[in-house]
Amino acid sequence: MIRDDLAERIYKAAKKAQRKGSLPKTEIPEVIVERPRREEHGDYAISLPLKMIADVNRALKEAEKPRLSPLEVAGRIVHRMVEAPYIGQVEVAPPGFINISLDEGWLAQQVEAILSVGDAFGDVDLGGGARMQVEFGSANPTGPMHVGFGRNLVLGDSLASLLAAAGYDVQREYYVNDSGTQIAKFAESLYLRYCELLGREPASESGLQAGEIPEGGYQGGYVVDWAQALVTAEGERFLEMPYEQALDQVREKGLAIAMENIRRDCERMNIHYDEWFSERSLYDPEAAPELGGSIFDRVMSILREGNHLYMKEGAVWFNATALGGDKDEVVIKSNGQPGYFVSDIAYHYNKFRQRGFEWVIDVWGADHQGHAPRMKAMMEALRLDPEQLTLYIYQMVTVVESGETVRLSKRAGTQVDLREVLDDIGPDALRFFLVARAADSQMDLDLDLARQQSDENPVYYVQYGHARIASILRYAEEQGHTDAGADVSLLAHPSEMALIRKMLELPEVVHTAAERLEAHHLPHYAQDLAATFHAFYRDCRVVSSDPADADLTKARLRLAAAAKLVLARTLTLMGVGAPDQM
RNA sequence: GCCCCCAUAGCUCAGUGGACAGAGCAGCGGCCUUCUAAGCCGUCGGUCGCAGGUUCAAAUCCUGCUGGGGGUACCA
């Protein structure tokens with residue numbers, strides 16, 4: 001990448017200046033190459049001289065030599081710089097910057113370079129093929145997916161795409177929480193509604209009261225709908241069997257409906273998982289025959305052997321505080337049921353020890369942030385490096401409708417379904433909206449505003465750019481133009497150069513976004529790129545009817561094709577469609 | 001109380017310790033007889049929450065304060 005190469009050249013130039021005696025031998029800080037805001041400062045700016053100046057003058061004073069200005073330091077570094085084909089102008093600017101512009105002849109050739117790389121343009125090698133997992137979107141399968149979870153889905157999926165582009169071998173996984181208290185409550189609620197619809201009393205041993213969703217149960221209207229589906233598909237047969245058996249079967253049916261809903265929503269969001277991992281399998285000895293028992297059994301014995309467990313008040317606790325956690329955590333509840341935390345331990349044992357992921361990212365909402373310290377303690381207990389697990393926390397989405405904050409609870413049935421919003425504003429606009437905000441700032445989703453502004457969503461601006469290029473290419477073909485034998489060195493117009501420059505930023509954006517786990521850079525770059533294309537469109541006629549322009553037309557068709565490719569890649573990284581027509 | 005995140009234009013938000021703080025939307029004024037006007041051009045709009053500190057340089061780092069969100073369960 002140009003940015004890294006430049007950094008190295010500057011570093012070497014500074015070293016050489018020191019060797020040749022034009023600069024004193026001070027320590028050279030890391031060379032940071034930035035993209036200046038202002039055009040007249042070139043394509044890249046280096047402020048190294050300013051960072052060095054204090055040390056340099058201190059050393060000069062000790063040697064009883066005259067002081068230097070940062071500008072002079074910059075000049076002496078530049079003097080030792082080795083040329084490169086991509087380097088155009090190199091300037092020093094007050095107070096002590098080194099500004100570098102790309103060579104325009106080289107820039108023009110990059111159109112061919114981009115086209116030859118094709119769909120892989122934008123890829124960088126940060127990961128070196130390391131096997132990793134992004135686990136995201138793992139909503140409890142006890143109801144339809146809530147719109148707030150859309151943020152989880154979109155951030156997780158875009159991160160996965162970014163990391164794949166950055167050279168990691170990425171696996172996308174959904175953790176199906178198909179065991180535990182929530183599922184049990186959900187099954188009871190569903191069973192109760194089922195009885196109601198059939199006008200029957202719940203089985204006496206259920207302890208349920210007709211018409212009364214139990215404490216902590218699910219009140220949402222969808223439970224009635226799903227119960228109705230059970231009635232339609234299964235009739236009354238669940239009432240003709242013992243309660244325990246009926247509850248089991250109702251739970252399985254309910255789970256299937258919930259998962260089908262979730263899968264459908266993911267499909268619509270253009271999210272495709274490699275694996276749907278069942279929590280229940282952690283307790284199933286047959287799921288891990290090589291362990292000679294369940295994964296749960298295995299981690300319990302590891303924890304026991306590591307002296308991480310103790311008894312208190314009838315429950316088994318994990319001693320997280322001894323490993324730097326903030327508080328201890330219940331592993332086996334006093335009723336004998338395993339708590340969620342032990343599932344997490346078993347799950348991560350499976351991820352790292354059985355499946356061998358080198359790096360795992362769990363995408364969590366801020367409402368789960370309290371678990372982070374215990375998760376790190378868990379890694380220690382499993383004798384794993386805590387650095388291998390990244391807990392990626394995003395702040396909550398609050399939904400505002402008619403000027404009021406909607407209280408969101410799946411159990412109370414007051415949530416806004418993801419599907420509703422998908423129907424309103426569509427997946428592309430929703431994805432773009434959700435990915436555009438940094439994960440650590442909370443966001444308000446004003447549904448009225450979102451509906452009203454869905455036509456104004458910047459995603460269409462970007463997609464329109466792509467469609468416009470497609471249209472130009474179609475038109476060119478109709479007019480009998482091809483880009484065969486094009487000579488891209490004819491490209492020299494400032495708007496052509498600007499477009500090529502912008503395209504070349506994609507690898508840097510991918511690098512930065514992947515390194516910092518910040519997907520929100522993508523939509524901002526996409527808008528920039530589209531704007532640069534629209535400016536090119538304004539200034540440069542691509543398909544000319546004048547035979548004298550035939551060569552330029554060919555060159556510009558190549559440029560347009562490259563721009564189309566880069567726009568499409570950027571949209572794809574966000575999971576947003578790149579239409580050829582609007 | 002303690003822990004985490006946030007506060008930048010009317011609104012929604014970008015902004016690697018660097019040069020005059022940006023974008024979209026909203027507002028105002030222009031531009032279609034040639035490849036898509038879902039576009040382009042111009043204009044209006046800022047005590048970067050407040051107060052200190054570090055630095056040659058702070059929206060950015062540190063401390064305190066104010067305001068908002070989340071957490072602090074044998075729920076997940």
Side-chain angles (χ1 to χ4, degrees), chain A residues 32-38 40-41 45 47 50-51 53-54 57 70 93-97 99 138-140 142 177 180-183 185 216 279 312-317 326-327 329-335 337 339-341 343-344 365-373 393-396 398 411 433 436-446 449-450 452-453 455-465 467-476 478-479 481 512 515-516 520-521 523-524 527-528 530-531 533-535 537-545 553 556-557 560 581-582:
Chain A
I32 292 166
V33 178
E34 50 188 318
R35 287 280 190 174
R37 284 191 220 277
R38 308 183 68 78
E40 63 264 34
H41 296 147
S47 59
L50 288 162
K51 293 187 173 29
I53 192 65
N57 278 328
F97 290 100
N99 293 332
S138 308
N140 275 346
T142 55
N177 293 102
T181 317
Q182 293 307 312
I183 287 293
K185 294 280 182 202
E279 176 180 5
K312 192 177 88 182
E313 293 160 8
V316 180
W317 294 72
D326 55 336
K327 61 184 277 295
E329 192 71 23
V330 165
V331 164
I332 307 287
K333 300 188 244 183
S334 52
N335 65 6
Q337 293 295 308
Y340 72 90
F341 183 60
S343 285
D344 276 347
D367 52 344
H368 289 236
Q369 60 173 292
H371 300 307
I393 311 281
Y394 64 91
Q395 298 299 311
M396 306 307 284
T398 39
R411 276 177 270 192
F433 179 82
R437 275 79 177 159
D440 51 14
S441 65
Q442 78 196 59
M443 57 189 290
D444 291 330
L445 178 57
D446 185 326
L449 206 63
Q452 184 194 322
Q453 291 187 349
D455 293 342
E456 308 296 336
N457 190 300
V459 74
Y460 300 119
Y461 176 81
V462 180
Q463 289 183 320
Y464 178 69
R468 212 177 206 183
I469 301 173
S471 168
I472 292 170
L473 299 181
R474 278 195 302 270
Y475 177 81
E478 282 164 27
Q479 299 297 309
H481 292 278
T512 303
E515 196 172 52
R516 291 156 55 173
H520 70 271
H521 296 297
H524 292 281
Q527 284 184 82
D528 256 15
F533 171 75
H534 287 308
Y537 177 87
R538 176 195 67 219
D539 294 336
C540 302
R541 174 86 195 177
V542 177
V543 182
S544 171
S545 51
T553 290
R556 285 180 172 167
L557 282 173
Q581 285 179 35
M582 294 295 280

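Chain letters run A, B, ... following the sequence lines, proteins first and then strands; every chain starts at 1. Small disclaimer: the values here were computed from a predicted structure and weren't measured.
Residue Asp444(A) is classed as a sugar-phosphate contact, given heavy-atom separations below 4.0 Å to backbone atoms only. At a threshold of 4.0 angstrom between heavy atoms, the contacts of Gln337(A) with the nucleic acid are absent. Residue contacts for Ile53(A): at a heavy-atom cut-off of 4.0 Å it reaches no nucleic acid atom on any strand shown. Using a 4.0 Å heavy-atom distance criterion, Arg35(A) is classed as a base contact. Contacts of Ser471(A) with the nucleic acid, taken as non-hydrogen atoms under 4.0 Å apart, include base atoms. Heavy atoms of Tyr537(A) sit under 4.0 angstrom from at least one base atom. Residue His521(A) is in sugar-phosphate contact alone, with no base atom involved, counting any heavy-atom pair closer than 4.0 Å across all strands shown. Here Asn99(A) lies in heavy-atom contact (under 4.0 Å) with a base. Heavy atoms of Ser47(A) sit under 4.0 angstrom from at least one base atom. Tyr475(A) comes within contact range of the sugar-phosphate backbone alone, with a heavy-atom separation under 4.0 Å but no base atom that close. Glu329(A) comes within 4.0 angstrom of nothing in the nucleic acid, heavy atoms only.
Atom OH in Tyr394(A) sits about 15 Å away from atom C1' in C4(B), given to the nearest Å. The separation between Glu478(A) atom CD and U36(B) atom C1' is 12 Å, rounded to whole Å. Rounded to whole Å, the distance from CZ on Arg437(A) to C1' on C13(B) is 6 Å. Protein atom CZ of Arg541(A) is 20 Å distant from nucleotide atom P of G39(B), rounded to whole Å. Taking atom CD1 of residue Ile32(A) and atom P of nucleotide U16(B), one finds them 12 Å apart after rounding to whole Å. Here G24(B) presents its C1' atom at 10 Å from CG of Asn457(A), a figure rounded to the nearest Å. Following rounding to the nearest Å, His371(A) (NE2) and C74(B) (C1') show an atom-to-atom distance of 13 Å. Rounded to whole angstrom, the span from the CD1 atom of Ile332(A) across to the P atom of C75(B) amounts to 12 Å.
Counting atom types as modelled, Gln527(A) pairs no side-chain N or O with a base atom of G24(B) as donor and acceptor under 3.5 Å. For Arg38(A) against C20(B), a side-chain-to-base donor-acceptor contact under 3.5 Å is present. The base of C74(B) lies close enough to the side chain of Ser334(A) for a donor and an acceptor atom to sit less than 3.5 Å apart. In terms of polar N and O atoms assigned as donor or acceptor, the side chain of Gln442(A) never comes within less than 3.5 Å of the base of G70(B) in a complementary pairing. Residue Lys51(A) places a side-chain atom within donor-acceptor reach of the base of G18(B), judged by atom type and a 3.5 Å distance cut-off alone.
A distance cut-off of 5.5 Å between ring centres, combined with a plane angle under 30°, leaves Tyr461(A) outside any stacking arrangement with the base of G39(B). Here His41(A) lies parallel enough and close enough to stack on the base of A19(B), with planes under 30° and ring centres under 5.5 Å apart.
Nearest nucleotide to the Ala93(A) side chain, out of A37(B), A19(B), C41(B): A19(B). Among U72(B), C13(B), U36(B), the nucleotide with an atom closest to any side-chain atom of Met582(A) is U36(B). Of the listed nucleotides (A19(B), U16(B), C35(B)), A19(B) has the atom at the smallest distance from the side chain of Arg37(A). When the nucleotides U16(B), A14(B), C35(B) are ranked by their closest atom to the side chain of His524(A), A14(B) comes out on top. Nearest nucleotide to the Leu50(A) side chain, out of C56(B), C35(B), A76(B): C56(B). Which of C56(B), G70(B), A14(B) sits closest to the side chain of Met396(A) comes down to G70(B). In this structure, the nucleotide among A38(B), A19(B), A76(B) sitting nearest to the side chain of Ala45(A) is A19(B). Closest to the side chain of Asp367(A), out of U36(B), G71(B), G15(B), is G71(B). The side chain of Tyr460(A) lies closest to A38(B) when the candidates are C40(B), A38(B), U36(B).
Nucleotide U43(B): paired with G27(B) (Watson-Crick or G-U wobble, both distances less than 3.5 Å). U72(B) is paired with G1(B) under the criterion used here, namely a Watson-Crick or G-U wobble arrangement in which both key atom distances are under 3.5 Å. For C61(B), the paired base is G53(B) (Watson-Crick or G-U wobble, both distances below 3.5 Å). With a cut-off of 3.5 Å on both Watson-Crick or G-U wobble distances, the partner of A9(B) is given as none. A14(B) makes up no base pair with any nucleotide shown, lacking Watson-Crick or G-U wobble contacts both under 3.5 Å.
Side-chain contact check for Glu515(A) versus Thr512(A): every heavy-atom pair is 4.5 Å or farther apart.
Within the cation-pi definition used here (under 6.0 Å to the ring centroid, within 45° of the axis), Arg468(A) qualifies as a partner of Tyr537(A).
C32(B) shows a glycosidic angle within 90° of 0 and is accordingly assigned syn. Within 90° of 0 lies the glycosidic angle of C20(B), which makes this nucleotide syn.
Ranked by how close their nearest RNA chain B nucleotide is to the 5' end, Ala470(A) and Thr181(A) are led by Ala470(A). Of the residues near RNA chain B, Val33(A) and Pro458(A), the one whose nearest nucleotide (by heavy atom distance) lies more toward the 5' end is Val33(A).
Counting only distance, with no hydrogens or angles, the side chain of Ser47(A) and the backbone of Phe97(A) share no donor-acceptor pair below 3.5 Å. Looking at Ser544(A), its side chain never comes within 3.5 Å of a backbone N or O of Thr553(A) through a donor-acceptor pair.
For His371(A) and Phe341(A), the distance between ring centers is not under 6.0 angstrom. Ring-centre distance between His481(A) and Tyr475(A): not below the 6.0 Å cut-off.
Nearest heavy atoms, Asp326(A) versus Pro373(A): OD1-CB, 3.6 Å. When all heavy atoms are compared, the tightest approach of Ala476(A) to Val543(A) is CB-CG2, 3.7 Å.
With rounding to the nearest 0.5 angstrom, the CG atom of Leu445(A) is 13.0 Å from the CE atom of Met396(A).
Between C74(B) and Lys312(A), no contact under 4.0 Å exists linking OP1 or OP2 to a side-chain N or O.
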